[in-house]
Structure formats: C-alpha cells, structure tokens
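So that the names make sense, note that chain A is the first sequence line, chain B the second, and so on, each numbered from 1.
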2 protein chains.
Amino acid sequence: MARSESRLANDAWEALLTAHARLMKGFAAEDMWDDISMREYDVLYTLSKHDGPIRPVELGRDVLLSQPALSRMVERLVDRGLVARAADPVDGRGVRLSLTEAGRGAQRRIGGRHAVDVSRAVKRALTESEMHQLEALCRKLAAGERLIQDDHFKSEQEPQR
Amino acid sequence: MARSESRLANDAWEALLTAHARLMKGFAAEDMWDDISMREYDVLYTLSKHDGPIRPVELGRDVLLSQPALSRMVERLVDRGLVARAADPVDGRGVRLSLTEAGRGAQRRIGGRHAVDVSRAVKRALTESEMHQLEALCRKLAAGERLIQDDHFKSEQEPQR
DNA sequence: TTGAAGAAGATGCAAACGCATGAACTTAGG
DNA sequence: CCTAAGTTCATGCGTTTGCATCTTCTTCAA
C-alpha cells in the first residue's frame, strides 16, 4: 500500500536530515580544519561564492545561525583579519562584507582539503547520474523555500492563532 | 563541457546543505515549538523511532551534537521528566535511554504540527515521484557513511600528514 | 514634510556548546 | 589471570549561541 503524500514528504525530509547529520559528523571528525570551525568555514565559503560584498542578512539566509550569533561571528572574523566590514554606501543601517586576502586564502586552503572528503563521501554512495539528480532535487527544495520568505507569502493561510 | 565527478559531488553536497539550511530556518521560524528546542526535539524524535531503550552513543550518530553536549542535553531532558535513563544491565559503563510517557506525549504533540510544515515545504517543491527519489538518494548517502565509521575504514589511505 | 512602522545590526545576559580530561568499565594479548 | 588499550559517559572551563531589546536608519502614508 502506497504511503500518503504527506508521509512521503516527511520520510524524504527525514532521510535528508539523516544524511546531513552523518556526513557532517564525518567531516567534523577530519583533522583538517586548523583554527577555523565548520560554522566559520561556512561563512567564509558563502562569502567566497559571491563576488562582490554582501550584506549580513544575505549571509544569514544560507548560514544556520541566529542574527546575533552571525553578527558576533563576523565581528570575530573581522578581528582575525579574515573578513572586511564596510559601511553600506546606499543603506545607512547596512554593512557590506567581503573576504580579505587572508580570508580568501584560508577558504581556499581549507576548502581544497574539504572538497576531497566531500567528493569521497558522495562518490562512495552515488553514481554520477545520481549526483545530478540529488543536486536538482535539493535545488528545487531550496528554491521553493526562498520564494516564500522573500515574498512574505508564509502567512498565506495563517493556520491557527 | 561536463563537470568532473568530484565537482559534481561537491555541487550536490552544497545543494543539500543549502536546502537543509533554508528549510531549517523556515521551520525554526514557526511558532510551534513550545518550550522544546529543535535540537531537543531531534533527540525526542530519534528516541521515538527506536522502540526499545537505546544507548547515548547510538543517539549521537544521528544527532549533530558533541558527546558532552548530548550527555548534558539528556540530563536536562531527564530532569524535565521527558526521558528515562537507566543503567545498562549488560555493559556496566553504558546507559539506556527511553522516552517517558510525558516525553512521548511531547514528541507526538510537536511532531504532529511539525509534520504539517515539513509536508507543506516539500510538497511545494517536489512531486511524489521526486520525493521518492530524494529519499532513496539520501538513504544511500547516509548508508555509505555508516559503514565507514563502523568498520574503521576511514583511514583507508590516510592522505597527507 | 513628518511621524509611525519596519528593517538592519549590535549588545546584555543566561543557557548551551565544544574541547580536554577524568572516572568507570570492558576487551584483548601475553 | 592480569595488565594495557579501548570504550562509554560525565565534568571543568572557556567560548559561542539564542532571546530579548536597543539604536540607527529607511520607508511610506497622511
């Protein structure tokens, strides 16, 4: 008997959570992070993906940290000379972040080693075709969520309360 | 030109990470967690999946927490009457954990509401067929990792150092 | 133009986390 | 046996996180 669509959705999400936790544990156990934590690397990597300076609020969308925690982590990275923080010329409240040369260097150094482990873990389990599928599915999942938050459609029905 | 297999693997993993972060942010924003944090719910849910009592070390495999952090979280859950902790009759070092009635009740209460949001987020982005695919791919990913850690094959090549 | 509502970031503070280490117990080789 | 190494879980301690709140600046309607 077929699972209900809701059950199917929850099972898929649980599988994703389990895969995430298992692989992350494995990566964290690797002795290759020097003095940069995985969360800090996450910030450096996200900064490296974008070319120009970006706002902390942008960073916050992809990094799993509260706004105050992100604010302070950026502060620490600035103090360590890995991130540059400048006032936003357009928005007086805002701040613009970018990697320093040292920051970019650190990201490349760690990233190169990390990519080897990621590649090894994924290749061990999936074929090339499956990697393509997984990427496409996860992109769709992430894209669905992004729209909601941007357009404030979240309260489309406002369940109870 | 086709991406290299390694690049493909890393892109797939990045997509999974992004999907994970986006959805988690969305779920965390929901006003439905009462006095139970998402990490605590993760523990309660994992306990509810297993029927019999399980060891903390088992819990640790699926929950993204350090061993000391998990130890103390369990302690708090025990103090709050949600989890029962008993000595392991077989292994004198070990401990056996299970949900109390209150714990099971809390898990069901929160879990029921959470499942609605999960279902909504996943259904919005994927078809039933895609949910099946995503579940299968993530299970393969997670399974690949489990074997490594159990069999201590991790140092199969011991890269540099 | 102006005043209220909203958004971006920073900060005080208690709670929670990770690393290093310790204590209790099990396993395995001589 | 019995000792050395390994495993499981707990604890001390400094660091980081999240919640609530504040400040500053922008936006928008009157």
Side-chain angles (χ1 to χ4, degrees), chain A residues 21 24-25 27-43 53-61 63-80 82-98 149-152 154-155, chain B residues 21 24-25 27-43 53-61 63-80 82-98 149-152 154-155:
Chain A
M24 287 295 275
K25 284 240 162 190
F27 297 146
E30 293 295 328
D31 180 25
M32 50 157 287
W33 297 98
D34 296 358
D35 54 345
I36 294 187
S37 72
M38 286 185 73
R39 282 178 162 175
E40 288 169 338
Y41 175 75
D42 198 4
V43 169
I54 71 173
R55 308 275 298 259
V57 68
E58 297 272 344
L59 251 183
R61 274 190 260 278
V63 176
L64 209 46
L65 276 177
S66 67
Q67 179 268 317
L70 181 58
S71 177
R72 272 188 263 245
M73 170 170 291
V74 166
E75 185 182 29
R76 269 172 270 140
L77 293 173
V78 168
D79 288 346
R80 290 166 62 183
L82 300 173
V83 168
R85 178 171 39 184
D88 189 317
V90 183
D91 188 335
R93 303 164 296 184
V95 161
R96 299 180 74 82
L97 305 173
S98 55
Q149 291 173 358
D150 281 5
D151 299 355
H152 298 288
K154 173 156 284 173
S155 49
Chain B
M24 287 295 276
K25 284 241 162 188
F27 297 146
E30 293 295 327
D31 181 23
M32 50 157 288
W33 297 98
D34 295 0
D35 55 345
I36 294 185
S37 73
M38 286 185 72
R39 281 178 165 176
E40 287 169 338
Y41 175 74
D42 198 4
V43 169
I54 69 174
R55 310 275 298 261
V57 69
E58 296 272 346
L59 250 182
R61 273 191 259 279
V63 175
L64 207 46
L65 276 178
S66 68
Q67 179 270 315
L70 180 59
S71 177
R72 272 189 261 246
M73 171 171 290
V74 166
E75 185 182 26
R76 268 172 271 140
L77 292 174
V78 169
D79 289 346
R80 289 166 64 183
L82 300 173
V83 168
R85 177 172 40 184
D88 189 317
V90 183
D91 187 336
R93 304 163 295 183
V95 161
R96 300 181 73 82
L97 304 173
S98 55
Q149 290 172 359
D150 281 4
D151 300 352
H152 298 290
K154 174 155 284 173
S155 50

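- In this structure, OG on A:Ser37 lies 8.0 Å from CZ on A:Arg76, to the nearest 0.5 angstrom.
- Computed from coordinates, the B:Asp31 CG to D:dC19 P distance equals 12 Å when rounded to whole Å.
- With rounding to the nearest 0.5 angstrom, the CG atom of B:Asp88 is 10.0 Å from the CG atom of B:Leu97.
- At distances below 3.5 Å, not a single donor-acceptor pair connects side-chain atoms of A:Glu58 with backbone N or O atoms of A:Arg55.
- Atom CE in A:Met38 sits roughly 18 Å away from atom C1' in D:dT15 (whole-Å rounding).
- A heavy-atom distance below 4.5 Å is not found between the side chains of B:Leu59 and B:Leu65.
- Taking five base pairs at each end of the helix from C:dT1-D:dA30 to C:dG30-D:dC1 and finding the rotation axis that steps the C1' atoms of four pairs onto the next four gives two axes whose angle is 30°, to the nearest 10°.
- DNA chain D lies under 4.0 Å from at least one heavy atom of each of the following residues of residues 64-73 of chain A: A:Leu65, A:Ser66, A:Pro68, A:Ala69, A:Arg72, A:Met73.
- Rounded to an integer number of Å, the gap from CG of A:Leu77 to C1' of D:dT15 is 14 Å.
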- Message: Show, in sequence, the C-alpha distance, side-chain angles and deciding distance for A:Ile36 and A:Arg80, and conclude whether the side chain to side chain contact (heavy atoms under 4.5 Å, CB included) test is met.
- Response: CA-CA 11 Å; A:Ile36 294 187; A:Arg80 290 166 62 183; 3.8 Å; yes
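- Going from atom CG of A:Asp35 over to atom CG of A:Leu82 covers 8.0 Å, rounded to the nearest 0.5 Å.
- Contact check, A:Arg55 against C:dA8: no side-chain N or O comes under 4.0 Å of OP1 or OP2.
- Judged by closest nucleotide on DNA chain C, A:Arg96 is the one of B:Gly92 and A:Arg96 placed further toward the 5' end.
- Here B:Ala84 pairs with B:Ser98, B:Thr100 under the side chain to side chain contact (heavy atoms under 4.5 Å, CB included) rule; sequence neighbours left out.
- The nearest whole Å value for the distance from the CD atom in B:Glu58 to the C1' atom in D:dT8 is 12 Å.
- Taking only side-chain nitrogens and oxygens, A:Arg76 comes nearer than 4.0 Å to OP1 or OP2 of D:dT16.
- Legend: residues meeting side chain to side chain contact (heavy atoms under 4.5 Å, CB included) with A:Leu64, ordered by chain and number and at least two apart, are B:His20, B:Met24, B:Lys25.
- Residue contacts for B:Asp88: at a heavy-atom cut-off of 4.0 Å it reaches no nucleic acid atom on any strand shown.
- A straight line from CE of A:Met24 to P of C:dG18 spans 11 Å, rounded to a whole angstrom.
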Could you write out each protein N or O paired with an N or O of nucleotides 4-6 of chain C at a distance under 3.5 Å?
unit_1 : atom_1 : unit_2  : atom_2 : d
C:dG6  : N2     : A:Arg93 : NH1    : 3.0

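- The distance from atom CG of B:Asp34 to atom P of D:dC19 is 14 Å, rounded to the nearest whole Å.
- Between A:Arg39 and D:dT17, a side-chain N or O to OP1/OP2 separation shorter than 4.0 Å is present.
- With rounding to whole Å, A:Asp35 atom CG is found 13 Å from C:dC19 atom P.
- Shown here are the side chain to side chain contact (heavy atoms under 4.5 Å, CB included) partners of B:Glu75, two or more places apart in sequence or in another chain: B:Arg72, B:Asp79, B:Arg85.
- Within the model, atoms CZ of B:Arg96 and CG of B:Asp91 stand 10.0 Å from one another, a figure rounded to the nearest 0.5 Å.
- The interatomic distance linking A:Arg80 (CZ) with D:dT16 (C1') rounds to 13 Å, in whole Å.
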